[in-house]
Amino acid sequence: MEENYKEPNKKSRRDFLKTLGIVGAAGASGAMALYFGQQYENIKSGKKVKLLTVDNKVVEFEDGKLKEYERQTEELFIRGREGIAGKSWVMVIDLAKCQNARKCITACQSAHQLRPEQYHINTLTMQDSQDTPAYFMPKPCMHCDNPPCVSVCPVDATFKRNDGPVLMDNDRCIGCRFCIAACPYSARIFHWFDPKNAVLFKDMPYDLELNVPQKLGTVTKCLFSADRLRKNELPYCVSNCPNGVYYFGDKNEDAVTNGTTKETVRLSTLLKENAAYRLMEELGQEPRVYYLPPKGRKGTLPEENKNNENHV
Amino acid sequence: MKNKIFLLILISCFAYSVFSQEWTVPDDKKKLTAPFKFDSEHQKKGEEIFNKTCVSCHGHPGQGDFAKLTPVPKDPASNEYQANTDGELFFKISEGRIIMPSFKNTLKAVDIWDLIAYVRTYNKDYVQVFTETATETSITSKISSKITFAEEDKKLKVRIINKDAEKTASEGVTLSIYAKRYFGWLQLDKTKKTDQNGFVSFSLPNDLPGDSIGNLQITLKITDDSGFEETIADTIFKAGVPIIYNNLLDNRAMWNIRSKAPLWLILTYSGTVLTVMSVILYIIWILAQIRKKGSSEI
């Protein structure tokens, strides 16, 4: 018994010395770094920088002491739940302009680390009757103001923000898929298999607003590119459309901006003049995505353009 | 006679419908010319822009690999395309039509002229007509502006004066005003030209939301003869209505957080729980009574 007790003790002493050596080396290099840092600082002394803290205070720092800071997951969660104050995001999709270029889909998939068969947004081929020509209809999440998916979530994983979007917290999601069943627009998908590049991104801090890295066994959905909106940029799908299909903007400001032409127009005028409608409005879910009718269709669409998901 | 008139009207209608298919460019825009010579540097820049923004629909010039869309995107190397004047091309690129997007907000005037310089390399007979202007001297250095805003009738009056010795009024200057929105600039009223006294008046909408007190950030932009645009004033006026927004999460709803659940739900749920709990407690109390009675008799 005594032997057993001594063995680990001896080892730990050796380990201790080893650690001491490492600590010593680290200390020396640290001191050197400090010394050179001091030298550098001396050169730049007197220069001060103003910074905005997380809790919205402006503080002053000396320039040399600054270090770039990587956002921690906790902060990403807090800001992801709060949203952008005073905004109310809406999207307008002009069906007359969609040519099924599918650039919105690929941009979205690459931003959110989705496989080619997983869609946050998809363009469907629609034909209202046998006698009318078909048209393409991009279908993202409708970000309803009365979202049934949020109502049914048992763990508060999916939630509505003050600025409009319905987001997902994959750290809370238990994969029950109630929300998928509740959504009448089929806007949600489930990770049945390992997400794309799961190994590559596994150490990346989870960003609620971008929903990456994606997690196996959880639900994922369109986020209105909440991370881009914070940076004053249009969503991935909107800015990548080559045909000017998407308008995106703030309903409170009564203005939407076209992703292709970057032209800003008044939301109320655009909706009124083009007889805009929303999908399945009768359900009373108050979708935030408006559609402009597919006017000016010419004949049937070329066969080659049709994708697999025909809703004829 | 009547029949003839009718026929004439019919023909003119038909002709109109045919011509409306054509892309008509206003006469004053047709004569627009580049402010510099199309040299190899501009052509190279133009090629870069072409490959980035135009190839996806128009294909590579002369290869015929354009997208099959209606209306068909024209091949820049084709005679039909090259028949356009520089001004027509500039207008068409900047304004767009049907499925051709407008590029006036995404490309600067110099980029569009570079593009035209590039596509003209596919036309051997092309001889450039241009009026070289010193591009270094900006428009703002030549003129000065004076802006007044009348709050009661929402009219914005602008006067443009030349910065010369006599301070003469600048006539025929093209101006447009924009209001700042989150993703871009919203044009208010139409693009207008100054009159002989250098005046131009814009009417602002009555119902445009501003910030919390109704302030609007308004920019005045000037466009020169070559389509070059420059900001000459960027000011804040109390021209909008105060923004009204209600926080979605303040309302009680099924989808809201627990503390914001509908009252009926909270009442029904807590009522049911309380009832069940009190029944259980009542049973326990009765059981205790029975036990008490039993033990006292023993």
Side-chain angles (χ1 to χ4, degrees), chain A residues 83-89 96-99 101 103 144-153 156 158-164 166 229 232-234 238-239 241-244 247-266 268-269 296 298-299 302 304-305, chain B residues 52-58 67-71 73 93-107 178-188 205 207-212 216-217 240-251 253-258 260-262 265:
Chain A
I84 306 159
K87 298 288 167 200
S88 177
W89 307 117
K97 287 184 192 149
C98 184
Q99 304 282 328
K103 292 275 189 285
C144 309
D145 275 357
N146 184 15
C149 52
V150 179
S151 302
V152 297
C153 182
D156 192 26
T158 186
F159 57 95
K160 179 97 185 149
R161 289 201 325 192
N162 258 334
D163 54 347
V166 174
L229 305 181
N232 212 331
E233 284 168 11
L234 291 164
V238 176
S239 50
C241 175
N243 295 319
Y247 292 86
F248 195 89
D250 180 8
K251 199 179 181 181
N252 292 337
E253 275 189 342
D254 195 24
V256 282
T257 304
N258 190 297
T260 314
T261 63
K262 300 286 183 293
E263 187 191 10
T264 304
V265 290
R266 285 198 76 170
S268 49
T269 326
K298 284 198 182 115
E304 61 197 74
N305 267 342
Chain B
K52 217 160 74 184
T53 50
C54 315
V55 161
S56 63
C57 289
H58 288 274
K68 289 162 191 68
L69 304 168
T70 20
I93 295 169
S94 55
E95 296 302 319
R97 180 185 70 143
I98 316 175
I99 55 166
M100 157 107 184
S102 138
F103 284 97
K104 65 180 168 199
N105 295 306
T106 46
L107 292 178
Y178 301 85
K180 176 95 184 82
R181 304 282 89 175
Y182 194 73
F183 292 111
W185 294 92
L186 173 72
Q187 185 169 9
L188 308 172
D207 52 351
L208 190 70
D211 65 1
S212 56
L216 271 183
Q217 190 183 339
V241 288
I243 201 164
I244 306 157
Y245 62 87
N246 34 6
N247 284 330
L248 278 171
L249 300 179
D250 289 349
N251 309 324
M254 280 294 274
W255 50 264
N256 215 331
I257 51 169
R258 206 173 310 151
K260 286 282 180 189
L265 189 70

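Computed from a prediction, not measured in an experiment: that's the story for all the values here. Letters A, B, ... are given to chains in the order of the sequence lines, protein chains preceding strands, and every chain is numbered from 1.
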Q) Hey, are the side chains of A:Arg266 and B:Leu186 touching, using non-hydrogen atoms and a 4.5 Å cut-off? A) yes
Q) Could you give the distance from CD (A:Glu253) to OH (B:Tyr182), rounded to the nearest 0.5 Å? A) 9.0 Å
Q.
Take a 6.0 Å sphere around NZ of B:Lys180 and say whether it holds more than 12 heavy atoms from other residues, nucleotides or ligands.
A. yes
Q. Distance from B:Trp255 atom CH2 to A:Cys149 atom SG, nearest 0.5 Å?
A. 11.0 Å
Q: Give, as side chain, backbone, both or neither, the part of A:Lys103 having an atom under 4.5 angstrom from any heavy atom of chain B.
A: neither
Q: Report the option among A:Val256, A:Thr158, A:Val166, A:Asn232 that has the most heavy-atom pairs separated by less than 4.5 Å from atoms of chain B.
A: A:Asn232
**Q.** For B:Pro101 against A:Pro242, the heavy-atom pair lying closest together
**A.** CG-O, 3.6 Å
Q: Quick one: pull up OH in B:Tyr245 and CG in A:Asp250 and give me the separation to the nearest 0.5 Å.
A: 10.0 Å
Q) What part of B:Ile244 gets closer than 4.5 Å to chain A, counting heavy atoms only: side chain, backbone, both or neither? A) backbone
Q) In terms of heavy-atom proximity below 4.5 Å to chain B, should A:Asp145 be classed as side chain, backbone, both, or neither? A) both
Q. If you measure from CD on A:Glu263 to NZ on B:Lys104, what distance do you get to the nearest 0.5 Å?
A. 5.5 Å
Q) For A:Arg161, is it the side chain, the backbone, both, or neither that has a heavy atom closer than 4.5 Å to a heavy atom of chain B? A) backbone
Q. Tell me, side chain or backbone of A:Phe248 under 4.5 Å from chain B's heavy atoms, or both, or neither?
A. both
Q.
Could you check whether any side-chain heavy atom of A:Thr264 comes within less than 4.5 Å of a side-chain heavy atom of B:Trp185, counting everything from C-beta outward?
A. no
Q. How many angstroms lie between atom SG of B:Cys57 and atom CG of A:Asn243, to the nearest 0.5 angstrom?
A. 6.0 Å
Q) In Å, rounded to the nearest 0.5 Å, how long is the span from CG of B:Leu248 to CG of A:Asn162? A) 6.0 Å
Q) Looking at A:Pro147, A:Ala255, A:Gly244, which one has more heavy-atom pairs under 4.5 Å with chain B than the rest? A) A:Pro147
Q) Looking at A:Val152, A:Thr257, A:Asn146, A:Asn252, which one has more heavy-atom pairs under 4.5 Å with chain B than the rest? A) A:Asn252
Q | Test item: B:Asn256 and A:Lys160 side chains (from C-beta on) under 4.5 Å apart, heavy atoms | A | no
Q.
Side chains of B:Phe103 and A:Thr261, heavy atoms from C-beta outward: is any pair under 4.5 Å?
A. no
Q) Under a 4.5 Å heavy-atom cut-off, does chain B meet the side chain of A:Ser88, its backbone, both or neither? A) neither
Q) Does any non-hydrogen side-chain atom of A:Leu229 lie less than 4.5 Å from one of B:Phe183? A) yes
